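Notes follow once the structure below has been shown.
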Amino acid sequence: LKLKSIRIYGFKSFAEKVDLNISGNIIAVIGPNGCGKSNIVDALLWCIGEQNPRNLRAQNSEEFIFNGSKARKPLGYAEVSVHFEMDEDHTSPHGKDLLITRRIKRSGESSYMINKKNCRLKDIIDILADSGLGKSGYAVVGQKEIDSALTASPYDRRIWIDEAA
Amino acid sequence: LKLKSIRIYGFKSFAEKVDLNISGNIIAVIGPNGCGKSNIVDALLWCIGEQNPRNLRAQNSEEFIFNGSKARKPLGYAEVSVHFEMDEDHTSPHGKDLLITRRIKRSGESSYMINKKNCRLKDIIDILADSGLGKSGYAVVGQKEIDSALTASPYDRRIWIDEAA
Amino acid sequence: TKEQFLTTFMKVREEFKNTFLKIFQDGHADLILTDPEKLLNTGIQVEITLPGKKKQRLELLSGGERSLCACALLFALLKVNPTPIVVLDEIDAPLDGRNVEKFVDILSEHAHETQFMLITHNPITIESATTWIGVTMQEPGVTSIVPYQPDKNIPSSNHAFAR
Amino acid sequence: TKEQFLTTFMKVREEFKNTFLKIFQDGHADLILTDPEKLLNTGIQVEITLPGKKKQRLELLSGGERSLCACALLFALLKVNPTPIVVLDEIDAPLDGRNVEKFVDILSEHAHETQFMLITHNPITIESATTWIGVTMQEPGVTSIVPYQPDKNIPSSNHAFAR
Ligand SMILES: Nc1ncnc2c1ncn2[C@@H]1O[C@H](COP(=O)(O)OP(=O)(O)OP(=O)(O)O)[C@@H](O)[C@H]1O
Ligand SMILES: Nc1ncnc2c1ncn2[C@@H]1O[C@H](COP(=O)(O)OP(=O)(O)OP(=O)(O)O)[C@@H](O)[C@H]1O
Ligand SMILES: [Mg+2]
Ligand SMILES: [Mg+2]
C-alpha cells in the first residue's frame, strides 16, 4: 500500500481545496508555525477512520470544519480524500487504486466512500487492516508525543506489542 | 544582583569539579544531548533553596549526588556554590559579593553557607527575596515546560501574578 | 492583598497585550479574571486571537503558536516584576526560524535588567548571546565545561551542533 | 492469544536491543515483562543503560536521550511489524545535530518498506527527504501548499526556515 495523494477541503484550516501529491518514501512537510502542518496529519487520520475528536486536537466533530477567519465565513462541511495504490500482491475487490473519502456536515452527519461509492466505516477499516495500515498507534507519532512513549505506564506499552502481534 | 559564577562538584553528572564563569547578560549553554546542560539548571535551583526533588527531576535527595559511571564509583556528597554580585544600591550585611553554598551528604544531611559561614536555608531565602530573586516560578522555565504555561489551569496561572505582586 | 493582586493583574494584562502585538503585529491577546468578585481565589483565562484568524480555544493553537504566546506572557510578567536572573531550557525548540528571531529580539530588550541563561540547540539563539558555555562529556557519564565560540564548534565527542 | 503476544514481544525485544546498539554503539537496552505469569495482562518495563553510564530510572535520562530511545523502540516495532505508512510530527525537535543524523540514517534503512511523512523544522531531516511539501498561509488563517526545493526557501510570509 502506498500513499499517492491527499485532497483536503473544509477540514480545519483548509478553507480552499488543496491537493498534496506524494511520491517517494521520505516526505518532508515544511512550513512556518501555525500554517497547518499538523492539520494535515489530523486530516489523514480522520479520513481513515479516527473516531475520537480528542485524538485530533478537537473537542467535538464540529471543530473539524473550517470555522472562518477574519476575511472568511465558516464553511458548511469538510471533506478529505486519500488515494492509496495497492501493492502488486494485494488484489482487492476495488482494484489497484483505492480512493477513500470522508465527509462531515455541521449537522454532524458523516459519510464514507470507497472509489466514490458510499460505504460504511467498517468497510474502510477492514480494507486498510488487510493491507497493514490497521489502527496501530505507533504508525502516527503526534507533535510532542515521542517523549511519552518511554515514560508511559508499563500497561500502555504493551498495547504497542499487541498491535504488532 | 548579577550571577558571576557557578561551581559544581558531585551534583548529578558533575563527578569532577567544574567552574562556570558568567559574564554578560545573554548566556547560551550549548552541548550535545545528555551531557549535563539541564543538570546545571537543577544545580542552580537546588543551591538557592529548591526543596522538592520532583522539581529537580529526582525522586529523592540521594539522586542529587553523582551515583557513578562505568568507570567511576559513586561520590559521597554534592556541593554547589553560586557567586552573585549585589547591585550598587543593595547593601547587605554580607557585603558586595555573595557566595551561596549548599552541600548534601548521602546520609541526607544538608548544609548551607553564605560567604563560607554556616547559615540556615531561611537566611538564603530571605537575602535572595530582598534582591528580587524570590521563588518566582517564571524565572526558570524547564525543558518542555513552556507549553504548559498557557494550557495550565486558570488557578495555576494566578500564581504567576501572585508572585509578581 | 486584594489591591496588590488587582493592580499587578491589570499591569500584566496591559503588558501582555503590548508584548503580543510586538511579536505578532496584529491580532489580540487578553487576560480575563474567571471570578472577579473573589480576587483572592479567582483564576485567570488567557484569550488569544492570532492575526487574520478567529478567536478560538487555546488547544487549537499549533505547537509553535502556543509556545510563542507563552513567551509573550513570560515577558509581560518580567516587565511588571523584573527578576535579576531567568533560566530558559530549550524554550525555542518548537519555533520556526522567523519566530526564533522575534523571540531573540524581545529577549534582547529585557537583557538590560535581567540576565538570561538559555539552553539551546538553535543557531539563531546561539548567535544572539553575549557569552557561551560549552558543555560536553569528554569522559562518558561525566560533565565537563569547554570553551565555545559561535564561529566554531566545541571539540567534543558530539561535535555537530548545527540544527 | 498468549503465544502470539509472547512471540511478538520476544522479537520486538531483540530488535530493540539491536536498534539501540545501532544508535548508541554501546550500552544496553531491554524490555522486561512486569508479570510474565499473566501474559494477557502484563505490562512492559523499559530498561536503558547509556554508553559509559550506569543503569538508572528512565526519568533521569535527558530530553534528547529519552526521545532517541523512544525512536529505537519505534523502529524495533516497525521491523517486527512494518506498516506501509508512518507519520512523525517534529520527532527530531529535542535532538542535537549528531543525533538527528543517526535518526535519519536508521529511518532511511526502513524507507524501503515504509513511507515516512515527516513534519520537521530541522535542516538535516529536510535534506534527507526524497519529496518535499511546502505548507504556508499566504492568506491568514487559510492553509495553502507551495512547491519547496531544499536549496531554496518557500516564498511565504514566514520565509525563514533555517533553524
Ligand atoms: N476548525 C478550524 N477552522 C479554522 N482554523 C482552524 C481550525 N482548527 C484549527 N485551525 C487552525 O489551525 C492552526 C494550527 O495549525 P497546525 O497545528 O497544523 O500548525 P502547524 O503547522 O503544525 O504549526 P507548528 O509548526 O507550530 O506545529 C491554528 O492556528 C488554528 O487556528
Ligand atoms: N545522580 C546522578 N549521577 C550520575 N549521572 C546523573 C545523575 N543524575 C542524572 N545524571 C545523568 O545526567 C544526564 C542528563 O543530563 P541532562 O538532562 O542535563 O542532559 P542535557 O544536556 O540537558 O541533554 P538534552 O539536550 O537531551 O536535554 C543523564 O544521562 C543522566 O544519566
Ligand atoms: Mg504542528
Ligand atoms: Mg536538557
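Computed from a predicted structure; not experimentally measured. So you know, we letter chains A, B, ... as the sequences are listed, proteins then strands, and number each from 1.
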### Query
Do A:His83 and A:Asp97 have side-chain atoms, one donor and one acceptor, less than 3.5 Å apart?
yes
### Query
Checking A:Arg102 against A:Phe11: charged group under 6.0 Å from the ring centre and within 45 degrees of the axis?
no
### Message
Under 4.5 Å from any heavy atom of chain A, what part of D:Val142 do you find: side chain, backbone, both or neither?
### Response
both
### Task
Tell me, out of A:Ile26, A:Asp87, A:Leu44, who's got the most heavy-atom pairs with chain D below 4.5 Å.
A:Ile26
### Task
Would you indicate whether the side-chain heavy atoms of A:Ile65 and A:Pro74 approach each other to under 4.5 Å?
no
### Summary
Smallest heavy-atom separation, A:Ser61 atom then A:Pro53 atom, equals N-CG, 4.2 Å
### Summary
From the list D:Lys54, D:Lys17, D:Lys55, D:Arg13, salt bridge (charged side-chain N to carboxylate O under 4.0 Å, His left out) partner of D:Glu47 resolves to D:Lys55
### Query
Would you say the side chain of A:Lys144 lies within less than 4.5 Å of the side chain of D:Glu90, judging by non-hydrogen atoms?
no
### Task
Against chain D, label A:Leu3 side chain, backbone, both or neither, depending on which of its atoms sit under 4.5 Å from a heavy atom there.
both
### Message
Taking A:Arg72 first and then A:Glu16, would you say they form a salt bridge - that is, a charged N and a carboxylate O separated by under 4.0 Å?
### Response
yes
### Summary
Of the listed D:Thr125, D:Leu73, D:Thr42, D:Leu31, the one with the largest count of heavy-atom pairs under 4.5 Å with chain A is D:Thr42
### Query
Tell me, side chain or backbone of D:His110 under 4.5 Å from chain A's heavy atoms, or both, or neither?
neither
#### Entry: Contact origin within A:Ile8 toward chain D - heavy atom pairs under 4.5 Å
neither
#### Entry: Donor-acceptor side-chain pairing of D:Asn41 and A:Arg158 below 3.5 angstrom
no
#### Entry: Option that, when pairs with chain D are counted at under 4.5 Å, heavy atom only, ranks first among A:Ser69, A:Gly36, A:Ser23, A:Gly142
A:Ser23
### Message
Is D:Ser67 close to chain A through its backbone or its side chain, or both, or neither, when contacts mean heavy atoms under 4.5 Å?
### Response
both
### Task
Considering only heavy atoms and a distance below 4.5 Å, find which of D:Asp35, D:Leu33, D:Leu40, D:Thr7 pairs most often with chain A.
D:Leu40
#### Entry: Greatest number of heavy atom pairs closer than 4.5 Å to chain A - which of D:Leu58, D:Ile85, D:Thr1
D:Ile85
### Message
Quick check on the interface: out of A:Asp156, A:Asn39, A:Ile40, A:Val18, who has the most heavy-atom pairs with chain D under 4.5 Å?
### Response
A:Val18
### Task
Name the option with the most non-hydrogen atom pairs under 4.5 Å to chain D; the candidates are A:Ser13, A:Gly24, A:Ser38, A:Ser153.
A:Ser13
## Note on the structure
Honestly, the part of A:Ile159 sitting under 4.5 Å from a heavy atom of chain D is neither
### Task
Show your reasoning for whether ring-ring contact (aromatic ring centres under 6.0 Å, His included) applies to A:Tyr77 and A:Tyr9.
CA-CA 8 Å; A:Tyr77 75 97; A:Tyr9 173 74; 5.5 Å; yes
### Which atoms of D:Leu39 approach chain A - backbone, side chain, both or neither, heavy atom under 4.5 Å
backbone
